[in-house]
Amino acid sequence: MLQFSRRQFDFRRFRYFVVLTFVASLVVSGGIGYLSATPLTLTIVWQSLALAVLVGGAAGWQVHPETKDPAVGQKAIRPANDDAGADHPGSPAARSNGIDSLEEQGITIKLLELTALGDRYGNIFSVAMIRVDNLEDIVKQYDEEVTAQLLKKVSRVLARTLRMPDRVGEYEYGSYLVVLPETRLPGAIQIAERLRDAVSGLEVAVSDRLLIHTTASVGVTSFRRGDDLQSLVRRAEKALREAQHQGRNRVLPDLAA
């Protein structure tokens with residue numbers, strides 16, 4: 001489970017506010033002294049320094065859990081099906097390997113923020129895991145350029161179909177993780193159906209006479225208090241695998257949600 005410290009002293013904030021407050025205090029004191037013809041004394045300097053230390057100390061302690069570096073102390077997420085997609089042709093693991101890809105796209109930080117807000121304030125959100133059906137067969141039958149063109153179209157249609165606050169990132173080769181803030185499971189299922197329908201309408205021209213049509217399977221789950229990234233993503237993956245097992249081209253929610 002993700003652990004976020006409630007109190008964490010930030011020395012950079014402390015130094016910044018000490019210097020800022022000290023300089024501001026001296027400027028104000030000097031201005032008042034100039035207007036009243038009172039010289040700037042050592043007592044005023046010490047008082048300004050004391051005030052600066054107090055303000056800096058308060059600022060240093062006011063670090064909320066959401067602003068803590070989410071990478072500190074976190075275990076890397078290993079996808080439940082981490083071997084799938086790593087062995088088939090055209091799937092460079094370094095380019096598209098689970099949580100590493102999400103980190104490159106900023107999705108991991110977004111999820112960490114949402115889980116922290118969910119645990120602390122009860123905020124709701126859902127995630128959906130989308131995978132292109134029969135991608136292994138497409139890779140084996142056609143060249144990498146055709147597959148790359150297909151996945152590029154999938155990425156674009158997913159981004160166009162989502163709402164403004166939603167986020168989507170490539171999770172593994174041919175798999176995408178969608179983050180749906182302020183969305184309960186029924187609403188997430190509706191959005192997932194729109195995404196599945198949008199992907200199912202795509203086609204890629206292999207030649208003048210041959211078009212590739214594809215479908216997608218989707219697993220959906222919602223955040224529960226106590227979730228960490230690993231449990232959340234794995235539940236979505238489990239629902240996705242069940243959707244594929246039941247025949248593909250469908251949306252299935254996490255049955256335990």
Side-chain angles (χ1 to χ4, degrees), residues 77-111 126-180 188-220 233 236-237 239-252:
I77 295 178
R78 181 179 181 181
N81 59 336
D82 59 338
D83 293 329
D87 296 329
H88 64 70
S91 59
R95 184 184 64 194
S96 178
N97 183 20
I99 204 66
D100 293 335
S101 294
L102 298 179
E103 288 174 351
E104 293 173 0
Q105 300 161 85
I107 304 297
T108 302
I109 293 177
K110 181 67 174 178
L111 280 170
S126 297
V127 298
M129 184 75 73
I130 302 174
R131 181 167 297 150
V132 177
D133 291 331
N134 301 313
L135 184 63
E136 293 82 0
D137 295 335
I138 296 174
V139 171
K140 291 177 182 178
Q141 189 171 355
Y142 306 102
D143 58 28
E144 185 176 350
E145 183 178 350
V146 171
T147 309
Q149 184 180 355
L150 172 63
L151 294 181
K152 184 179 293 185
K153 284 192 172 185
V154 171
S155 299
R156 287 176 178 173
V157 76
L158 291 177
R160 287 199 304 266
T161 307
L162 289 172
R163 306 165 303 178
M164 182 66 71
D166 302 334
R167 300 287 297 277
V168 59
E170 186 178 19
Y171 181 65
E172 289 181 328
Y173 192 74
S175 299
Y176 302 85
L177 187 70
V178 178
V179 183
L180 305 169
I189 293 173
Q190 292 180 1
I191 296 172
E193 286 287 3
R194 291 204 301 267
L195 296 173
R196 182 203 58 76
D197 186 62
V199 173
S200 299
L202 294 176
E203 57 184 28
V204 175
V206 178
S207 66
D208 294 339
R209 299 183 178 181
L210 179 61
L211 294 175
I212 294 178
H213 298 272
T214 188
T215 60
S217 300
V218 190
V220 186
V233 171
E237 281 189 301
L240 169 62
R241 290 198 303 274
E242 184 60 28
Q244 292 179 313
H245 179 71
Q246 292 188 19
R248 298 185 172 89
N249 193 25
R250 65 192 64 210
V251 174
L252 276 186

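- When all heavy atoms of Glu193 and Arg196 are compared, the closest pair comes out as OE1-NE, 3.1 Å.
- Side-chain N/O atoms of Thr147 and Tyr142 include no donor and acceptor closer than 3.5 Å.
- Heavy atoms of other residues, nucleotides or ligands lying less than 6.0 angstrom from CZ of Arg248 number more than 12.
- Here the CG-CD1 distance, from Leu150 to Ile138, works out to 5.5 Å after rounding to the nearest 0.5 Å.
- Test Leu158, Thr215, Val218, Thr161 against Val199 for side-chain contact (heavy atoms from CB on, under 4.5 Å) and you get one pass: Leu158.
- At most 12 heavy atoms of other shown residues, nucleotides or ligands fall within 6.0 angstrom of atom NE2 in His245.
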Determine, step by step, whether Ile191 and Arg163 satisfy the side chain to side chain contact (heavy atoms under 4.5 Å, CB included) criterion, reporting the C-alpha distance in whole Å, the side-chain angles of both residues, the deciding distance to 0.1 Å, and the verdict. CA-CA 9 Å; Ile191 296 172; Arg163 306 165 303 178; 3.4 Å; yes
Please walk me through it: do Val127 and Leu111 pass side chain to side chain contact (heavy atoms under 4.5 Å, CB included)? CA-CA 9 Å; Val127 298; Leu111 280 170; 3.8 Å; yes
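- Between the side chains of Gln149 and Glu145, no donor N or O sits under 3.5 Å from an acceptor N or O.
- Across every non-hydrogen atom of Ala198 and Val157, the tightest pair is CB-CG2, 3.7 Å.
- Between Glu203 and Lys153, the closest heavy-atom pair is O-NZ, 2.9 Å.
- In terms of heavy atoms, Tyr171 sits closest to Glu237 at CE2-OE2, 3.4 Å.
- With contacts defined as side-chain heavy-atom distances shorter than 4.5 Å, the pair Val251/Leu195 does not qualify.
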